[in-house]
*Asks:* 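Here you go, one structure.
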Amino acid sequence: MNKWIRPNFTPCLPLGDNQSRITECCRHRQLSRTAAGEGMVLLKNDHCLLPFKKGTKLAVFGKSQIDYVKGGGGSGDVTVSYVRNIYQGLKTKSEYLEVFDPLSLYYQEYVESQYENGEIPGLLNEAAVPSHLLSKAREFTDTAVIVIGRYSGENWDRKNDGTDDYFDLSKTESDMVKAVTDHFPRVAVLLNVGAMINTAWFADNDKISSALIVWQGGQEGGLAAADILTGEVNPSGKLADTCAKSFDDYPSSAGFHESEAYVKYTEDIFVGYRYFETIPGKKDCVVYPFGYGLSYTSFVFSHASACSDGKNIFVTVTITNTGSQAGKEVAQVYYCPPRGQLTKPLKILCGFEKTKLLAPGESEELCISFPIQDMASFDDTGVIALSSYVLEKGTYNIYVGNNVRDAKQVNYSFRLEEPVITERLHPYCSPQKLDQRLKEDGTYETFHSTPAPKASFVCDYKEASKPDRDYHLIDIAEGKIDLDSFMAQLTDEELCRLAAGQPSRGVANTGGMGALDRLGIPAVMTADGPAGVRIHKDCGVNTTAFPIATALAATWNLNLIEEIGQAGALEVKENNLSIWLTPALNIHRSPLCGRNFEYYSEDPFLSGKMAAAAVKGIQSQNIAAVPKHFACNNKETNRKESDSILSERALREIYLKGFEICVKEAKPKIIMTSYNIINGVRASENTQLLTGILRGEWGFDGLVISDWNNHGDHEQELKAGNDIKMPIGSPEKLMEGLKSKTLSREQLCVSVKRLLEMILWLE
C-alpha cells in the first residue's frame, strides 16, 4: 500500500502535467488573478468613468501603486517569485491605456529609497506630490487615479489616533487627494486594503467620480485591478463588511484599545450591519451597506417568491442583465424576525447565490433555501427558555436583493402563533465580568452574570489488550489490527510525546505531529495559510499568493473558494506537507484588528459558508484543513493574555456560528484553538467550549490543536479537549501528571487516538 509516501518525503514528485511543478504554476496564478478580480468591489462610478475608454491617458498618484500590498504580515504572508503591482498591471494594458511614467517612476524611486533605509514594505508614509510633476501630469491628461494602501499583520493591531492613521487618511494622503482633485476633472480611487477604512471622503466628494476596492489581491492583484479598470472584467464583488462614515461609528471602537488585559463586547449581537440597520439613527452612519457593490452593467430582480415545506424556506428569484455588458450579480436573502421578548437585529443574512456570467438580456432563476430553525435566537437569560434556541411567536419576513439595505420583502412570511424551542442546550462559557449589553432600541441593559453550572465530562475510553507482537500504523490501514489494539502498544512516554507537536522536516517551518518511528507513525507536517501556502523563504520554495480572505468573501462565490482550496491543497501535497493551517474565520469586529485580512467578514453566516467551501476544497485532496482561531480572536494586542468578555448569546450567534457552520457542513479534520481567554478561561483550556460545545453539541470528531507557543498549561489543555499542543508541547509535564495521577492514561489515549485517526485519513 502506497500510503504516507509524501509525509515520509519519498519521493517528492511534481503533481502537474508532464511532471511539471504545480506549486505557483501558471494555472494557479491565473486562478489567483481571477479570484482577485471577482472580489473587487466597485463602490462609486459617477458619469461611468470606469471602465476607462480605449486611448485614455492616466496619471497615477500614490506610493501604493508601487508599494502594492499583496496580503498581510505574519502567518498569512506567502513567499512568491514575484508580485505584480498596480503600475505594472496598467503597463500591461499599453495598447489600451497610456500611463504618465515620470510620475509613477517618482513613486518607484521613493519606495526603493525607503526600503534601502530599512522601512517595512506596506508601512511607508505617503510621498508628497512634487508640484512640477503635478503640473506635467495635468498637461499630459485630465484623468487621474489615486491609490491608497494599508498594511497590517499578526500580533499587532492598528490605531487611528493621528500617529497611526489606519481608518482615516493621513495628512499627507489628504493633501495628495486635494492636490489631485483640484487639478484633474476626472478622478478614480483605488483602495489596496485588507479591511474597512474611511470611504466617506470620496463618497461625498463630487470631484471623485469612481472608487474601487482592489483589496490585497495576492501576487496577481495589480493585473486583476488593470483587468477591471479596462473593462476586460466586469466587477461583481460585494462588500463583506459595512462601510461607516467614521471610525467612532463602529460600536466596538470605544473599547477596542481600552485595556490590553480584556475586551468587553458590550455591543453584544449587534455587530456590523446588525448594528447599523437596527439601532435607531445608525442607518445614517452608513456610507456603503453590507453586501453592496456596483457593476458596469445593470440587473433587475423579478418574480421573487418564497414557500416552505415545514422544515425549510425556499426563495426563488429571477435576475436579468438589463445592461450592455456581460456580468454577474449576487442574490442575498435576509430574514426579519418579529419583535418580541428577546432583542433582535432587524435583518439577518440567511442565504445567497451568485449568478453565472449573464450576457446582456440573459436571465437566470436562482433558488436559495435555508432551515427554518436557523432563524432562532439564543436565550441566555431564561426569558423564554434558558440556554435554548427559540423561534419567538410572530411573523418572520423574508427579503431578497443585492445588499442588506435595498433587499425587498417577498410575498411570503413565516408565522408562528406560539414560540418554538428548536434546541435545548447547556449554559456554557457564561461571562462573569460583563456588566451591560446593547439592546435593539439603542439602550444598554444591565447584565447580571450567572455562573454556569460546572460541567462534568467523563472519559469513557477503555484500553484494549496489548497485542502479542508489535504492529505498525500501516497495519491498521491494511486491516491487520484495530486502532485501539494498536494503541495498547504505546508506552506512557510515547503517548505523552504524541500529544505534543514535533520539529519541522523537509520544507516545513511550522512543525508537525506524529513521528514515532518504532511503530511506523509518520511525521505529518504543517504549512501556514490562509492566502496561500506559507513556506519560509529560506527553504527556496515559492508558492501561489491568493487574494486575502476578505477579498475572497467579497466574491460571494462558493465554487471559486472551493477551487482555491483545492489548488492550495495540491501545493501543500506537492511539497510533502499534510496539514494546511487554514481557513481563518474570526469576525471583523473592529476595523483595527491587525489580522482582519485573514478573516472573511463581519457576518458569521457568510464567514461560515466561505470557510466550509474552503475546507471542502482542501480536504478533497486528503489534506487536512484547520479552521482557526477557535474562538473570539478579534484583537491582536496582548492576544495571549487578553480576556474576551461577552455574553453567551453573542458568543453563540456571532463568534461561534461560523465555526459551527463549517464543522457541520464540511467536517474539517482539525480545529485550532485561539490564544486568548474567553470569559475568564483560556480557549485552549476551555472544557465547556471544546468538549461541551464543539464535540458534544456540534458532533465534531476530529483533532483539536493549540495555536503555536500559547500560554496554556499542556495538561489542562489535554483534559479540556485540546489534543495536541503546538509546536513542541510539554510531554515531560504530562508524564508528571501521570505519575501524580492528575492525568490518566485513558485521557491521553483519547487525544492520541484522534491524532492517529487523522493520520490514517491522510494519503
*Asks:* Verify the distance criterion only: is there a donor paired with an acceptor across the side chains of Asp528 and Thr510 at less than 3.5 Å?
*Replies:*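 No, because no side-chain N or O of Asp528 sits under 3.5 Å from a partner of the opposite role on Thr510.
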
*Asks:* For Ser590 and Ser253, indicate whether the former's side chain and the latter's backbone hold a donor-acceptor pair under 3.5 Å.
*Replies:* no

*Asks:* Within the side chain of Asp157, is there an N or O that forms a donor-acceptor pair under 3.5 Å with the backbone of Glu636?
*Replies:* yes

*Asks:* Is the shortest heavy-atom distance from the side chain of Leu498 to the side chain of Leu516 under 4.5 Å?
*Replies:*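 Sidechains of Leu516 and Leu498: in contact.
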
*Asks:* Can any side-chain N or O of Thr422 pair as donor or acceptor with the backbone N or O of Tyr389 at less than 3.5 Å?
*Replies:*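 Yes, the answer is positive, given that a donor and an acceptor are paired below the 3.5 Å cut-off.
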
*Asks:* Check for a donor-acceptor pair, side chain of Arg534 on one end and backbone N or O of Gly74 on the other, with a separation under 3.5 Å.
*Replies:* yes

*Asks:* Is a side-chain donor or acceptor of Asp475 paired with a backbone partner of Ile481 at a separation under 3.5 angstrom?
*Replies:* no

*Asks:* Side-chain contact test, heavy atoms from C-beta onward, threshold under 4.5 Å: evaluate it for Lys609 versus Tyr600 and give yes or no.
*Replies:* no

*Asks:* State, yes or no, whether a side-chain contact exists between Glu423 and Gln373 at a heavy-atom distance under 4.5 Å.
*Replies:* no

*Asks:* So, Arg274 and Glu653, do they make that salt bridge, N to O below 4.0 Å?
*Replies:*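 No, this pair does not count.
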
*Asks:* Could you walk me through whether Tyr428 and Leu689 pass side chain to side chain contact (heavy atoms under 4.5 Å, CB included), step by step?
*Replies:* CA-CA 7 Å; Tyr428 289 143; Leu689 178 69; over 6 Å; no

*Asks:* For Ser647 and Asp268, does a side-chain donor sit closer than 3.5 Å to a side-chain acceptor?
*Replies:*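 A donor-acceptor contact under 3.5 Å links the two side chains.
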
*Asks:* Taking side chain to side chain donor-acceptor pair (under 3.5 Å) as the criterion, tell me which of Arg589, His588, His629 meets it with Tyr599.
*Replies:* His629

*Asks:* Can you check whether Asn634's main-chain N or O pairs, donor with acceptor, with Asn586's side chain at less than 3.5 Å?
*Replies:*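 Not at all, since once roles are kept as given, no pair shorter than 3.5 Å links the two residues.
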
*Asks:* Do Lys433 and Tyr262 pass the side chain to side chain contact (heavy atoms under 4.5 Å, CB included) test, and can you show the C-alpha distance, the side-chain angles, and the key distance before you say yes or no?
*Replies:* CA-CA 10 Å; Lys433 298 180 180 179; Tyr262 63 84; over 6 Å; no

*Asks:* Determine whether more than 12 heavy atoms belonging to other residues, nucleotides or ligands lie under 6.0 Å from atom CZ of Arg424.
*Replies:* no

*Asks:* Contact between Asn596 and Ser152 at the side-chain level, heavy atoms closer than 4.5 Å - yes or no?
*Replies:* no

*Asks:* Of Ile421, Asp374, Val420, which is the lone residue that meets side-chain contact (heavy atoms from CB on, under 4.5 Å) with Leu391?
*Replies:* Val420

*Asks:* Would you check if Arg649 and Arg437 make a side-chain contact, meaning some heavy-atom pair closer than 4.5 Å?
*Replies:*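 Side-chain contact under 4.5 Å: yes.
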
*Asks:* Is there a donor-acceptor pair closer than 3.5 Å between any side-chain N or O of Asn679 and the backbone N or O of Cys429?
*Replies:* yes

*Asks:* Give me the atom names and distance for the closest heavy-atom approach of Leu438 to Glu267.
*Replies:*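 Distance-wise, the nearest heavy atoms are CB-O, 3.8 Å.
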
*Asks:* Check for me whether the distance between the ring centres of Tyr265 and Tyr655 falls short of 6.0 Å.
*Replies:* yes

*Asks:* Using modelled atom types and a 3.5 Å cut-off, is there a donor and acceptor pairing between side-chain atoms of Ser740 and backbone atoms of Glu736?
*Replies:*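 Such a contact is found between Ser740 side chain and Glu736 backbone.
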
*Asks:* Given Glu154 and Arg639, is the salt bridge (charged side-chain N to carboxylate O under 4.0 Å, His left out) satisfied, shown in steps?
*Replies:* CA-CA 10 Å; Glu154 182 179 4; Arg639 58 184 178 165; 3.0 Å; yes

*Asks:* Do any N or O atoms from the side chain of Asn676 and from the backbone of Asp643 form a donor-acceptor pair under 3.5 angstrom?
*Replies:* no

*Asks:* Less than 4.5 Å apart, any side-chain heavy atom of Gln716 and any of Arg682?
*Replies:* no

*Asks:* Do the side-chain N and O atoms of Thr742 and Glu715 include a donor-acceptor pair separated by under 3.5 angstrom?
*Replies:* yes

*Asks:* Determine the minimum heavy-atom distance between His714 and Ala500, stating which atoms define it.
*Replies:*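 Smallest interatomic distance, heavy atoms only, reads CE1-CB, 4.0 Å.
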
*Asks:* Should Lys264 and Pro431 count as side-chain neighbours, where that means a heavy-atom distance under 4.5 Å?
*Replies:*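 When only atoms from C-beta onward are counted, Pro431 and Lys264 do not touch, as no gap falls below 4.5 Å.
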
*Asks:* Does the pair Arg754/Glu757 count as a salt bridge with the N-to-O cut at 4.0 Å?
*Replies:* no

*Asks:* Trp698 vs Phe659, test: side chain to side chain contact (heavy atoms under 4.5 Å, CB included). Steps then yes/no.
*Replies:* CA-CA 10 Å; Trp698 300 352; Phe659 288 97; 3.9 Å; yes

*Asks:* NZ of Lys733: more than 12 outside heavy atoms within 6.0 angstrom?
*Replies:* no

*Asks:* Contact between Leu651 and Cys632 at the side-chain level, heavy atoms closer than 4.5 Å - yes or no?
*Replies:* yes

*Asks:* Using the side chain to side chain contact (heavy atoms under 4.5 Å, CB included) rule, take Glu598 and Lys628 through it: C-alpha gap first, then chi angles, then the decisive distance, then the call.
*Replies:* CA-CA 10 Å; Glu598 286 193 40; Lys628 60 183 185 181; 4.2 Å; yes

*Asks:* When you check the side-chain N and O atoms of Arg595 and Ser75, is any donor under 3.5 Å from an acceptor?
*Replies:*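 Distance-only check passes for Arg595 and Ser75.
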
*Asks:* Would you say that more than 12 heavy atoms from the other residues, nucleotides or ligands in this model lie under 6.0 Å from the NZ of Lys664, or not?
*Replies:* yes

